[in-house]
Amino acid sequence: MKISSPLLATAAAVLLLNLTGCASKMIGVHAGAERVSLAEVNQVASCKLTSKNTVTVMAKMGFIVRDAAEVEENLYQFARNDAVDAGADTVVKGESTALGSRVFSLYKCRP
């Protein structure tokens, strides 16, 4: 049995689209991450900086670029997980040099 090129391309595209949707669901959530806040830099003046982390997630699968909002949500979840590991309770978005990569500053603001 010979499979036609258009059929194979369609099947590959459907598979990649399904995988990009799954990427968001595959990120684990650390216990306590739901209590980590996202703040602006002007809101953390009285907080203690614990660290700065560069977070990276897959933004492209083959020729398919993931939705920017989903990528940002994944980055934020990883930053929240990192904050829990570092004893921080607040994250501030920093620079992003490319889709799928962002620097986050982690702060301890609450007693």
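All residue numbers refer to positions in the sequence shown, counting from 1.
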>> Using the rule that Ile, Leu, Val, Met, Phe, Trp and Tyr join whenever any side-chain heavy atoms are under 4.5 Å apart, tell me whether V55 and L38 fall into a single cluster.
In response: yes
> Would a 4.5 Å heavy-atom cut-off, applied to side chains only, mark Y107 and V91 as touching?
Replying inline: no
> Taking only residues at least two apart or on different chains, which pairs with a member in residues 39-61 satisfy salt bridge (Lys or Arg N to Asp or Glu O under 4.0 Å)?
Replying inline: none
> Among pairs that include at least one residue of residues 75-85, which meet salt bridge (Lys or Arg N to Asp or Glu O under 4.0 Å), considering only residues two or more places apart or in two chains?
Replying inline: none
> What's the shortest heavy-atom distance between S37 and R110, and which atoms?
Replying inline: OG-NH1, 3.2 Å
> Can you name the side-chain hydrogen bond (donor to acceptor under 3.5 Å, both in side chains) partners of D67, sequence neighbours left out?
Replying inline: none
>> Can you list everything that forms a side-chain hydrogen bond (donor to acceptor under 3.5 Å, both in side chains) with D89? Sequence neighbours excluded, please.
In response: none
> So if you build clusters from Ile, Leu, Val, Met, Phe, Trp, Tyr with side-chain heavy-atom gaps below 4.5 Å, do V84 and L75 land together?
Replying inline: yes
> Looking at residues at least two apart in the chain, or sitting in another chain, which of them share a side-chain hydrogen bond (donor to acceptor under 3.5 Å, both in side chains) with S101?
Replying inline: none
> Hey, any chance L99 and F104 share a hydrophobic cluster, counting ILVMFWY side chains that come within less than 4.5 Å of each other, even indirectly?
Replying inline: yes
> Linking I/L/V/M/F/W/Y whenever their side-chain heavy atoms sit closer than 4.5 Å, directly or via other members, would V71 and V65 fall into one cluster?
Replying inline: yes
> According to the disulfide (SG to SG under 2.5 Å) rule, which pairs have a member within residues 37-111, sequence neighbours left out?
Replying inline: C47-C109
> Quick one: does N81's side chain have a donor or acceptor within less than 3.5 Å of a partner on H30's backbone?
Replying inline: yes
> Can you list every salt bridge (Lys or Arg N to Asp or Glu O under 4.0 Å) pair that touches residues 94-106, not counting sequence neighbours?
Replying inline: E72-R102
> Minimum heavy-atom separation for K108 to G87, with atom names?
Replying inline: CD-O, 3.3 Å
>> Test of understanding: with side-chain contact (heavy atoms from CB on, under 4.5 Å), list the residues that count as partners of E73, not counting sequence neighbours.
In response: Y76
> Mind checking what makes side-chain contact (heavy atoms from CB on, under 4.5 Å) contact with A39, not counting sequence neighbours?
Replying inline: Q43, V44, T90, V92
>> Considering only residues two or more places apart or on different chains, which pairs with a residue in residues 63-96 satisfy disulfide (SG to SG under 2.5 Å)?
In response: none
> Quick one: side-chain contact (heavy atoms from CB on, under 4.5 Å) partners of A86, sequence neighbours excluded?
Replying inline: T50, S51, L106
